[in-house]
Amino acid sequence: MNNYLLIPFLPLAAFVVNILFGRKYLRENSHWVSILAVAGSWLVTVMILINIITEKKVINEDLYSWIVSGEFKVSVGFLIDQLTAVMLVVVTTCSTLIHIYSVGYMHGDKGYYRFFAYLSLFTFCMLMLVMANNFLQLYFGWEGVGLCSYFLIGYYFDKKSASDAGKKAFIVNRFGDFGFGLGIIMIFLTFGTVYYEPVFSQAKGFAEQTINFLGYDVHLMTLIALLLFCGSIGKSAQMPLHVWLPDAMEGPTPVSALIHAATMVTAGVFLVARCSPIFSLSETALIVVTLTGAITSLFAATIGLVQNDIKRIIAYSTISQLGYMFLAAGVGAYSAGIFHLYTHAFFKALLFLCAGSVMHAMAGELDLQKMGGLKKYMPVTYWTMLIASLSIAGVPGFAGFFSKDEILWLAYSGSSPAGKFVWAIGTLVAFLTAFYSFRLIFLTFHGKFRGTHEQEHHLHESPKAMTIPLVILCFGAVASGWVGIPHLLGGGAHFMEFLKPVLGHPEAQGTHAKEWMVMGFSVIAGFSGIGLAALFYLVKTDIPVMLAQKFKATHKILWNKYYVDELYSFIIVRPAIWTAKNILIGITDAKIIEAVVNGVPKGIGELSRLMRKAQTGLLQHYAAIMAFGLLIIVAVMLLR
């Protein structure tokens, strides 16, 4: 067996073992099965990565035939190239550390074995997604991670808000996945296959082809690209299908870190990057991707300014940073988008796990306004979260600076007609991101403690099972960006060069002076956000209250997340419930189905009741009936 097959199948084996034997036999030792399996996947991933770097050998093999139906043939197969290698590093590294962290966080939980089984199943599905060599297997992994997301968001199934959040995530993603499924069908109808290699190699031959769609002539590659992007919008929580991600924070914090920050939500970015040969043939699709990413990034960042739930602030930060990645892909800088995906995985997973550490000390408290002064009680959590915040704020030297700067520079200097516009939005978002990230830091760790005396009495640093992964992720939050230091700063941009055989890399059309200017604006924006947050929440703490009162209407809109959930409730949820109650139940079920189900037996009963009256039990009645029948027979014979 080729050793790369161990990468997905070790977590699958861990899931099977835990789900079958965890409750009865393994119990509190269930984590060992999952941790060892995922760590094994990580070790094999490192070996594969080294092999690709040194030998530049790409693996593209089929394991076995999966579906054969007429001309439709597809196998379970694996493609491991430079893009896959990056995704494997992200998934297996974050998954391993979060598995370890979960030992401390989930200690004593009654569903301990079930939690680790679900984590392992998710890891398997995500690995199948990124390693697929065809669209159908990618779709299998895509739906698999969606199912695991439903399991894990609603892990506390006896808590209504958690079960509702799980259902919301599952249902909202169906809208995007419906379009994604249509996109795969269109790919098969166009190319006669769903395998990446022949599809991408033939794509240029269809660059000018149009198709009649709903009575209109539509550019074929634009249609396919936009249908595929529907899946990305749902899975990566972009507008207008972003509403599920903040509610998904109802799941345990390790779930938030693994699924909703580091891995699953980046699947949409991976899809656009993987399908870059298709997207690059449609300027319309690229503009849609760019504007969707830019607007979503700004939209989510503004909401994050006023929220008080520590996990939801980080969730909106995730939506915003995913928008950055799509912004990059839309201007043709796919490798820069994947670079930000790579660095983001480390500092965002670290932010979520630090938030979990704070919750662990605060007995589950999420409200920033009830925290404060935790720095002296939780030094490890404080410093690790500070490093993660410096990274996401784009402070030079930290990972987020290098990937974010690459995106902004290529947006500004690229050939995209929307490039300068989205660069301006991206720079503004850099300022907002730094502000709300340090608002969280200052309200949580600085100043006086604002919680109860009982909470303060129990404040403590988290156990080593939780703090060690935080420290390890710190290295990623700093050093993961060093593999992509731009030429301007004396680096070799090795990350982009590594991905170039798969994704290419656009040539910047600007001078070094302009690149310094773009970088300078980005850095100034980051430091300005940090400085303003320090002014508001450390020096002049009355200013936020005064601004909230002065701009009450704006604050209310941001606090209520632009009323998007309420809008969906009015447009979709309430009409759907009304239709279900009054038509599906009131008419279809009560009048039609019940009429058939209950009406037929009732009619048979009525007929039987009438027939019973003929059975009198009197001999003379039966004799008269027989005589009457005989008379009819004789009459018929005589008439014939």
Side-chain angles (χ1 to χ4, degrees), residues 1-17 31-64 75-100 119-134 137-138 141 145 196-197 258 262-263 266-267 270 273-274 335 338-339 341-343 345-346 349 399 468-469 472-473 475-476 479-484 492 494-503:
M1 178 186 285
N2 293 316
N3 62 354
Y4 70 84
L5 294 178
L6 293 172
I7 297 175
F9 293 133
L10 282 175
L12 177 62
F15 163 73
V16 172
V17 170
H31 59 268
W32 285 114
V33 178
S34 295
I35 290 173
L36 291 174
V38 178
S41 296
W42 177 79
L43 284 172
V44 179
T45 294
V46 172
M47 293 165 58
I48 296 289
L49 177 64
I50 293 171
N51 188 53
I52 290 177
I53 292 173
T54 55
E55 300 183 19
K56 294 182 170 49
K57 182 182 178 183
V58 173
I59 298 169
N60 189 0
E61 297 178 358
D62 288 339
L63 185 58
Y64 62 87
S75 300
V76 172
F78 299 94
L79 169 63
I80 303 180
D81 56 10
Q82 289 85 347
L83 175 60
T84 308
V86 171
M87 294 300 297
L88 289 178
V89 169
V90 169
V91 175
T92 57
T93 304
C94 291
S95 184
T96 302
L97 293 173
I98 291 166
H99 272 72
I100 296 169
L119 281 188
S120 298
L121 179 62
F122 165 79
T123 305
F124 162 72
C125 292
M126 189 66 196
L127 291 170
M128 290 294 284
L129 187 160
V130 300
M131 294 176 70
N133 68 351
N134 63 80
Q137 185 176 325
L138 182 148
V145 293
Y196 295 154
E197 193 172 8
L258 178 62
T263 52
T266 61
F270 167 77
R274 175 59 78 195
S335 56
I338 295 298
F339 185 29
L341 181 157
Y342 170 71
T343 60
F346 295 103
I468 289 174
I472 295 173
L473 280 170
F475 288 100
S480 61
W482 296 351
V483 297
H494 299 299
F495 191 91
M496 275 61 74
E497 291 298 323
F498 178 68
L499 288 175
K500 201 169 185 177
V502 182
L503 302 180

Engineer: Measure the shortest side-chain to side-chain distance between L341 and M87 over non-hydrogen atoms and say whether it is less than 4.5 angstrom.
Structural biologist: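 Yes. Closest side-chain heavy atoms under 4.5 Å.
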
Engineer: Where the side chain of Q82 meets the backbone of V502, is there a donor-acceptor pair that is under 3.5 Å apart?
Structural biologist: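 Judged by distance alone, no pair lies under 3.5 Å.
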
Engineer: Tell me whether S120 contacts the main-chain N or O of S34 through its side chain, where contact means a donor paired with an acceptor under 3.5 Å.
Structural biologist: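 No; judged by distance alone, with no hydrogens or angles, the pair does not exist.
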
Engineer: Please tell me if the side chains of L83 and L503 come closer than 4.5 Å, counting only heavy atoms from C-beta onward.
Structural biologist: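 The answer is yes, as the side chains (C-beta and beyond) meet within the 4.5 Å cut-off.
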
Engineer: Ring centroids only, cut at 6.0 angstrom: are F15 and F124 within range, meaning strictly under it?
Structural biologist: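 When the ring centroids of F15 and F124 are compared, they turn out to be at least 6.0 Å apart.
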
Engineer: If you count the non-hydrogen atoms of other residues, nucleotides and ligands that lie under 6.0 Å from CD in E497, is the total more than 12?
Structural biologist: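 Count over threshold, so yes.
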
Engineer: Would you name the heavy atoms of G476 and A399 that are closest together and state the gap between them?
Structural biologist: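 Looking at all heavy atoms of both residues, the shortest contact is O-CB, 3.9 Å.
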
Engineer: Minimum heavy-atom separation for C94 and A345, please, with both atom names.
Structural biologist: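 Looking at all heavy atoms of both residues, the shortest contact is SG-O, 3.9 Å.
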
Engineer: Is there a side-chain contact between V483 and F498 in this structure, where contact means two heavy atoms from C-beta onward sitting under 4.5 Å apart?
Structural biologist: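 Not in contact.
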
Engineer: Determine whether a donor-acceptor pair (N or O, by modelled atom type, separation under 3.5 Å) exists between the side chain of N133 and the backbone of D62.
Structural biologist: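 Here the side-chain-to-backbone pair does not exist.
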
Engineer: Out of I50, L43, L49, which residue meets the side-chain contact (heavy atoms from CB on, under 4.5 Å) rule with V46?
Structural biologist: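 Among I50, L43, L49, the one meeting side-chain contact (heavy atoms from CB on, under 4.5 Å) with V46 is I50.
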
Engineer: Side chains of I7 and I48: closer than 4.5 Å at any heavy-atom pair?
Structural biologist: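 I7 reaches I48 side chain to side chain.
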
Engineer: How close do D81 and R274 get, counting heavy atoms only, and between which atoms?
Structural biologist: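 Looks like OD2-NH1, 2.8 Å.
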
Engineer: Return the orientation label for the F346 and Y342 ring planes: parallel under 30°, perpendicular over 60°, tilted otherwise.
Structural biologist: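 It falls in the perpendicular class, over 60°.
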
Engineer: Quick one: are F78 and T84 in side-chain contact, heavy atoms under 4.5 Å?
Structural biologist: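 Of all side-chain heavy-atom pairs linking T84 with F78, none is under 4.5 Å.
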
Engineer: For L79, which of I59, N134, L138, V58 qualifies under side-chain contact (heavy atoms from CB on, under 4.5 Å)?
Structural biologist: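 Filter result, single survivor: V58.
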
Engineer: State, to 0.1 Å, how close I52 and K57 come at their nearest heavy-atom pair, and which atoms those are.
Structural biologist: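 That would be CG1-O, 3.6 Å.
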
